[in-house]
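Have a look at the structure below, then the notes.
For clarity, every value in this text was computed on a predicted model and none was experimentally measured. What's counted below: heavy atoms across the whole structure, side chains too, no hydrogens, waters or symmetry copies. Note that ligands are numbered from 1 as they come in the structure, with each ligand's atoms numbered from 1 the same way.
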Amino acid sequence: MSGRRLPQLASIPVTELRGIGPKHAAALAEAFDIHTVADLLMHYPRRYVDRSNEQRIADLAIGADAMVVATVKRIASRRTRGRPPRTLVTADVTDGSGYLKVTFFNQGWRERQLPEGTECVLFGKVDDFRGRPQMTNPVVDLIGDRTGRIIAMYPQSEKERLTTWDIARWMDEVLERAGTFAEPVPPAVLRRWNLIDRTTAYHDIHRPETMADVQRARSRLVFDELLRMQLALVGHKRRLATEAVGIAHDTSRSDGTLLARFAGSLPFTLTRAQQRVIREIDADLSSPAPMHRLLQGDVGAGKTLVAVHALLAAVQGGYQGALMAPTEVLAEQHLAGVSQLVSHITINDPDSLFGSRPVMVAVLTNRVGVAARREILSGLADGSIDLIVGTHALIQDAVTFAALGVVVIDEQHRFGVEQRAALRDASGGTGVTPDVLVMTATPIPRTAAMTVYGDLDVSVLDELPPGRSPIVTRWARPGTLDEVDAWARVRAEVAAGRQGYVVCPLITESDKLEAASAEATFDRLVADGGELEGLRVGLLHGRLKGPERDAVMDAFRSGRLDVIVATTVIEVGVDVPNATVMVILDADRFGIAQLHQLRGRVGRGAASSSCHLVADATTPDSEARLQALVSSTDGFALAEIDLDLRGEGTLMGTRQTGRNDLRLASLRRDRDWVLRARDVAERLLDADPSLANDPVLAEEVHAMLGVDATESLFKS
Ligand code: ADP
Ligand code: MG
């Protein structure tokens with residue numbers, strides 16, 4: 001096998017290149033996290049200037065989009081009078097055929113960017129300024145002295161003084177010195193999907209002759225990224241299924257079994273979706289291979305019950321169950337939910353006085369005191385605790401289980417693959433892998449799930465329990481009658497004996513600032529003349545101690561408070577069916593998924609509910625987000641919109657396997673390529689489970705995705 005391999009380039013620091021000394025290397029690292037020649041090679045152009053589309057200024061048509069290449073003749077800036085005053089930069093540019101007037105609003109830096117004599121590319125809509133052509137706020141590219149029909153424009157950094165032509169120059173050297181690349185993908189796969197070879201792909205993404213070259217190069221490189229990721233995920237999944245020794249749980253539900261009693265104790269009948277998902281889970285649980293399943297379900301779909309069923313299946317066979325939450329607040333809320341669901345059932349126990357005993361449930365977080373903690377640890381070790389709810393404190397070294405059988409992880413996108421692995425290791429030296437169910441309340445699109453949770457099987461709770469009224473969502477701009485209506489609605493609901501929530505502006509920098517802001521909001525709302533004056537209002541934020549928070553929640557649940565003013569601590573798990581109205585302040589600061597979660601705190605009973613988003617739309621994106629919430633209450637539909645609006649950045653955010661390797665691929669744009677890569681990965685691993693016959697590919701998956709992601713794939 002000859003040719004350059006990516007892992008080789010990943011071991012060469014950029015300082016090996018002629019043009020790059022320590023200063024540029026530091027700038028590249030700071031601005032783009034580029035350290036090696038491979039990193040630089042994968043610093044792909046942000047866009048391309050196609051000079052074959054270039055037009056002469058003399059030929060510009062008013063009203064059309066156009067691209068011109070011209071030289072700045074004159075540029076000046078001034079402040080406008082209006083309120084607020086704005087900076088207005090105007091320039092005259094020419095290409096020899098005529099003059100074009102260019103106007104920039106609020107972009108004072110353009111004067112520095114475009115000194116007289118600069119050659120630049122301008123894209124924009126042509127309008128008429130007193131009989132002359134003009135562009136307002138065009139896209140501007142500086143091409144320097146670069147020639148060629150298509151010019152790659154790289155992400156640059158003004159702060160680190162890295163220009164697109166610096167990067168282009170270094171890229172030329174990278175491409176030249178890299179030479180021919182080894183081909184990791186079998187030729188049959190390339191033919192099947194009509195993919196070009198890798199050497200051409202790297203060349204053409206950086207130095208295309210035509211835009212069609214760019215498309216072909218992009219497809220090939222996107223495929224490579226997704227294939228690496230799918231190989232790691234599918235490989236991981238298979239390795240676990242074949243190698244790990246799991247537990248064949250007893251999921252029978254004949255009379256008198258724990259699961260039968262649990263089903264009989266519920267005050268309602270299961271939805272069809274719950275029944276289906278429980279069947280899927282039971283099949284996994286009763287098989288000797290360990291379960292690795294993702295449970296997706298919209299807010300309020302009834303995931304808790306499904307989770308408790310799975311945990312009790314462990315208990316029924318003499319094992320223990322663990323439920324892990326991403327935060328202490330959520331762990332405590334889950335404790336309440338789980339305890340309530342199992343409070344009516346008992347476990348057969350010939351040793352106890354009455355022949356049966358309650359299900360023992362405990363909580364373990366970092367808030368548990370030393371003495372209590374010691375007691376819980378011994379209960380877990382000797383098996384006297386059946387179900388444990390906790391945070392990552394559960395997977396610390398000191399925790400040993402007598403026989404951990406089922407683990408439910410309430411993920412909220414906050415746990416990674418590594419934590420799951422650690423939990424498996426905590427299973428008490430028994431050598432068996434517990435069954436794992438990952439729950440997420442944020443539905444994600446199928447191809448995204450395949451990437452983010454690609455090592456799991458997926459179950460979907462796509463049906464809400466009956467008797468819920470849809471939530472009416474309104475967008476109220478601050479200071480308008482709509483906002484007045486929103487508060488009036490809160491007071492009307494309270495007058496009718498209902499309750500409500502006010503969600504405070506999101507402040508991400510610090511818990512402390514957020515708490516302070518929540519306090520200020522609370523004070524303002526309850527003050528004389530405030531919107532909630534005279535109502536019984538509680539305050540809830542992350543800085544409150546456990547008992548204080550419990551007191552507020554208890555008061556709200558029992559109806560002694562009308563309204564809770566809260567930060568996002570109420571996002572998940574709070575379940576008060578009598579709450580029918582929510583006001584979210586500065587709603588434009590939240591993402592779609594988070595707004596949907598928050599909104600899910602109302603509409604949990606039979607009475608109709610409303611949610612009021614108080615916000616100015618500060619950007620087109622925030623306008624689109626708010627509109628999406630107003631027009632849909634379907635979490636999956638919202639997830640698709642979210643993916644379209646934001647790309648996958650946040651989806652991939654804190655999780656994952658190979659997040660650093662997706663540079664070009666977009667889970668949104670490249671949905672089809674995700675499916676193809678999945679298919680190819682499955683076929684390759686069917687034929688050759690450890691990729692022994694494709695060493696270049698195997699090496700590359702390993703090098704690009706990191707050891708964690710692939711250790712189980714290439715362990716042997
Ligand atoms: P999720 O965790 O999926 O957001 P929960 O498990 O908290 O949803 O359930 C939301 C509410 O619906 C809870 O009050 C729960 O008791 C109730 N519930 C769950 N399943 C059913 C059902 N089949 N019929 C009626 N109510 C249900
Ligand atoms: Mg829940």
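When atom types are taken as modelled, the side chain of Asp562 and the backbone of Leu535 share no donor-acceptor pair closer than 3.5 angstrom.
Proximity to Gly302 (heavy-atom distance under 4.0 Å) selects the following atoms of ligand 1: 1 (P), 3 (O), 5 (P), 6 (O), 8 (O), 9 (O), 19 (C). Shown in contact with Thr271 at under 4.0 Å from a heavy atom are these atoms of ligand 1, numbered in order with element: 23 (N). The Thr304 neighbourhood of ligand 1 comprises atoms 2 (O), 5 (P), 6 (O), 7 (O), with distances under 4.0 Å to a heavy atom of that residue. Heavy-atom contacts of Thr269 reach the following atoms of ligand 1: 22 (C), 23 (N), 24 (N) (cutoff under 4.0 Å).
Within the 4.5 Å cutoff, the side chain of Leu464 has no heavy atoms near those of the Thr271 side chain.
Contacts between Leu461 and ligand 1 below 4.0 angstrom, taking non-hydrogen atoms only, are absent altogether. Residue contacts with ligand 1 for Arg468 involve side-chain atoms from C-beta outward but no N, CA, C or O (heavy atoms, distance under 4.0 Å). Residue contacts with ligand 1, taken as heavy atom pairs separated by less than 4.0 Å, involve Leu270 solely via the backbone atoms N, CA, C and O.
At a cut-off of 3.5 Å, with distance as the only test, no side-chain donor of Arg373 or Asn366 sits close to an acceptor on the other residue. The closest side-chain donor-acceptor pair between Ser252 and Asp250 falls under 3.5 angstrom. Under 3.5 Å, the side chains of Thr365 and Arg367 contain no donor-acceptor pair of N or O atoms.
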### Task
Check the pair Thr440 / Gln296 against side chain to side chain donor-acceptor pair (under 3.5 Å), numbers first and verdict last.
CA-CA 5 Å; Thr440 167; Gln296 287 202 63; over 6 Å; no
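The shell of residues lying under 4.0 angstrom from ligand 1, judged by heavy atoms, includes Asp298. Contact between Gly300 and ligand 1 is present, with at least one heavy atom of the residue lying under 4.0 Å from the ligand.
Checked against a 3.5 angstrom limit, the closest N/O atoms of Arg601 and ligand 1 fall outside it.
Test His309, Arg293, His292 against Leu437 for side-chain contact (heavy atoms from CB on, under 4.5 Å) and you get one pass: Arg293.
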